[in-house]
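Throughout, numbering of the chain's residues begins at 1 and tracks the sequence.
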Amino acid sequence: MNYNSKITGQVIGRLRMERGLSQEVLSGLSGIARSHLAMIESGRKNPNVSTLWKIAAALGMPLSEFFRHVEDEILHLQTLQAEMP
C-alpha cells in the first residue's frame, strides 16, 4: 500500500464535515493556517507527521485512528479498481 496525499486530504475533509467543522474552525483548533488546510484537503500539499498529528487531535482522535481511516479508504479504492474490467 502506498501513501496517497489526495486520499489523505479527502479523509480529513470528510471527517471534518462529519463533525460539522468548517476549515476555519479546524485550522484554528489544529493551529495551522486555513489556506494550508485547504491545500492539504485538496491533495496539493503533503502534510508532515506533526501536522497530521495536530489535525487528528483537533478531530478528536489519535493519529493511529486517523491513519486507519486513510488505509481503509485506500483499500476500498484498490478493491473497486480491481473489480473494474
Using only atom types and a distance under 3.5 Å, with no angle test, would you say the side chain of Arg19 pairs donor to acceptor with the backbone of Leu59?
yes
Evaluation steps, side-chain contact (heavy atoms from CB on, under 4.5 Å), between Val25 and Leu29:
CA-CA 6 Å; Val25 170; Leu29 292 171; 3.9 Å; yes
List the atom of Ser27, the atom of Ala33, and the distance in Å for their closest heavy-atom pair.
CB-C, 3.9 Å
Taking all heavy atoms of Ser5 and all of Gly43, pick out the closest pair and write down the distance.
OG-O, 3.6 Å
Non-neighbouring partners of Arg14 that pass salt bridge (charged side-chain N to carboxylate O under 4.0 Å, His left out), sequence neighbours left out
Glu18
If hydrophobic clusters are built from ILVMFWY residues whose side chains come within less than 4.5 Å, do [X] and [Y] share one?
X	Y	result
Leu75	Leu77	yes
Leu26	Met39	no
Val49	Ile40	yes
Leu15	Leu21	yes
Ile7	Ile12	yes

Once you round to the nearest 0.5 Å, how far does [atom1] of [X] lie from [atom2] of [Y]?
X	Y	atom1	atom2	answer
Ile55	Arg16	CD1	CZ	10.5 Å
Glu73	Lys6	CD	NZ	12.0 Å
Thr8	Glu71	OG1	CD	10.0 Å
Arg68	Leu63	CZ	CG	10.0 Å

Candidate pair Tyr3 and Ile74, rule side-chain contact (heavy atoms from CB on, under 4.5 Å), full reasoning
CA-CA 9 Å; Tyr3 176 77; Ile74 290 171; over 6 Å; no
In terms of side-chain heavy atoms, does Gln23 have a donor or acceptor partner in Glu41 at a distance below 3.5 Å?
yes
